[in-house]
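Predicted, not measured: the structure shown is a model, and the values here were computed from it.
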Amino acid sequence: MTGGIRPETSGRRPTSFISRTPSVAQSLRARGGHEVPFSVEFNPPRDAAGEARLWRTVREFERMHPAFVSMTYGAGGSTKDRTVRITGELATETTLLPVAHLTAVGHSIAELRSLVGSYADSGIRNLLVLRGDPPGDPLGEWHKHPSGVEYAEELVRIVRDLGDFHVGVASFPQGHHRSPDLDHDTRHLAAKLRAGAEYSITQMFFDVEHYLRLRDRVVAMDPIEGAKPIIPELMPITSLRTVQRAEELCGRTLPPAVMARLQRAAGTGTEEDRAAVRAEGIQIATEIAQRLIDEGAPCLHFITLNFAKATSEVLTNLGYGAHATATAVA
């Protein structure tokens with residue numbers, strides 16, 4: 001038995017297995033007050049220098065008191081050992097509530113069970129369960145592992161059957177690019193929530209209407225599951241290069257109006273005016289975040305690319321109090 005994972009043949013759950021780690025949903029409820037909680041996403045570093053930079057950023061955010069932090073998982077497990085270790089260190093060496101990403105792509109069910117056990121050994125009880133994108137080409141054809149799972153819903157059930165874990169899933173304001181239509185996509189989200197997911201984090205977006213309509217669709221399809229938090233994901237644009245990164249991550253092009261603002265800021269010279277693009281990107285993120293707050297979003301989840309400064313500036317623009325001034329560049 002590994003890290004509190006209960007054996008498949010066990011009956012009633014022993015009291016000792018009950019997790020004392022708060023869930024994301026509990027953390028959001030505990031925040032209350034006038035400020036909508038925020039959270040941040042980190043990426044596993046590829047080398048020692050990247051790891052040192054990540055930890056500087058972690059300490060910056062620790063002073064800002066996010067509701068939780070998430071750590072992504074390299075495509076096909078390309079950074080598995082480092083990812084598991086660092087995520088565990090977030091749990092044991094900081095005051096932060098870490099959420100580990102768990103992706104089905106490239107893994108057998110046995111490997112997935114083992115990975116969940118590794119996270120449990122590291123003190124991780126919050127998992128964001130994803131089917132995952134094909135390594136090398138996020139928009140390429142998805143192939144199920146011969147001994148793996150086809151859909152995230154199956155992985156949610158596996159994790160919930162293994163022990164007392166808190167599970168979140170992904171949601172897609174514009175629909176997943178592999179879904180034939182929005183109704184089909186919404187059915188899949190509702191199924192993941194029914195399987196035991198407690199909340200979802202959206203794919204990033206730059207038009208708040210897409211988020212609001214997603215929320216409406218889930219409530220209309222299943223009012224019970226629609227009451228669970230749908231956490232919007234944002235990424236401040238800091239250069240035209242990050243525009244390309246944003247489009248790769250969400251599989252969608254930026255709205256024309258947003259792209260036009262960034263291009264105007266870039267200017268017509270041979271080199272973009274990066275300071276102006278960055279300032280416009282921060283302003284766009286601030287406007288999106290404020291609209292989400294006004295519309296009752298339960299939390300603001302920021303993609304950081306392992307830098308603190310841009311997110312900190314957006315939070316400052318929104319009037320969040322008691323946040324340290326981040327010194328990391330970006």
Side-chain angles (χ1 to χ4, degrees), residues 1-10 19 24 41-46 69-91 98-172 176-179 185 188-189 191-201 203 233 248-251:
M1 185 156 36
T2 304
I5 302 293
R6 70 176 186 266
E8 295 179 45
T9 55
S10 66
S19 172
V24 165
E41 177 181 291
F42 301 131
N43 303 112
R46 296 188 177 276
V69 300
S70 71
M71 177 66 73
T72 65
Y73 185 69
S78 58
T79 57
K80 183 182 75 171
D81 292 342
R82 181 180 279 115
T83 301
V84 172
R85 174 178 59 79
I86 293 176
T87 310
E89 289 170 355
L90 289 173
V99 176
H101 288 212
L102 180 69
T103 62
V105 64
H107 289 305
S108 67
I109 291 176
E111 290 169 339
L112 291 166
R113 290 179 183 273
S114 176
L115 186 55
V116 172
S118 295
Y119 279 129
D121 285 340
S122 299
I124 303 298
R125 288 291 175 171
N126 285 280
L127 298 173
L128 186 69
V129 170
L130 312 161
R131 188 167 81 159
D133 296 319
D137 181 8
L139 303 182
E141 186 175 357
W142 198 90
H143 296 285
K144 172 182 174 291
H145 186 285
S147 301
V149 299
E150 181 70 33
Y151 297 108
E153 176 190 351
E154 301 170 75
L155 187 50
V156 171
R157 295 185 188 281
I158 288 171
V159 172
R160 292 303 301 265
D161 286 345
L162 284 173
D164 292 283
F165 295 96
H166 306 298
V167 179
V169 293
S171 52
F172 302 88
H176 193 280
H177 66 273
R178 293 187 178 88
S179 290
D185 187 80
H188 273 284
L189 174 56
K192 291 187 289 187
L193 294 170
R194 291 189 201 105
E198 301 170 24
Y199 64 95
S200 73
I201 299 178
Q203 185 180 61
E233 183 176 71
E248 289 173 351
L249 287 171
C250 67

With rounding to the nearest 0.5 Å, note down the distance linking [atom1] in [X] to [atom2] in [Y].
X      : Y      : atom1 : atom2 : value
Arg131 : Leu155 : CZ    : CG    : 11.5 Å
Thr103 : Leu115 : OG1   : CG    : 8.0 Å
Leu102 : Ile124 : CG    : CD1   : 12.0 Å
Asn126 : Thr87  : CG    : OG1   : 12.0 Å
Gln203 : His176 : CD    : NE2   : 7.0 Å
Ser70  : Asn43  : OG    : CG    : 8.5 Å

- prompt: Does His188 have its ring centroid less than 6.0 Å away from the ring centroid of Phe172?
  reply: no
- line: Looking only at heavy atoms, the pair that brings Val156 and Ala197 closest together is CG1-N, 3.8 Å
field: Considering all heavy atoms, the nearest Ala91-Gly123 contact
entry: CB-O, 4.1 Å
With a 4.5 Å cut-off on side-chain heavy atoms, are [Y] and [X] touching?
X      : Y      : value
Leu130 : Tyr73  : no
Leu128 : Tyr199 : yes
Val24  : His166 : no
Ser122 : Val84  : yes
Thr83  : Tyr119 : yes
Pro44  : Thr72  : yes
Lys192 : Leu189 : yes

query: Under 3.5 Å, is there a donor-acceptor pair between the side chain of Arg82 and the main chain of Arg46?
result: yes
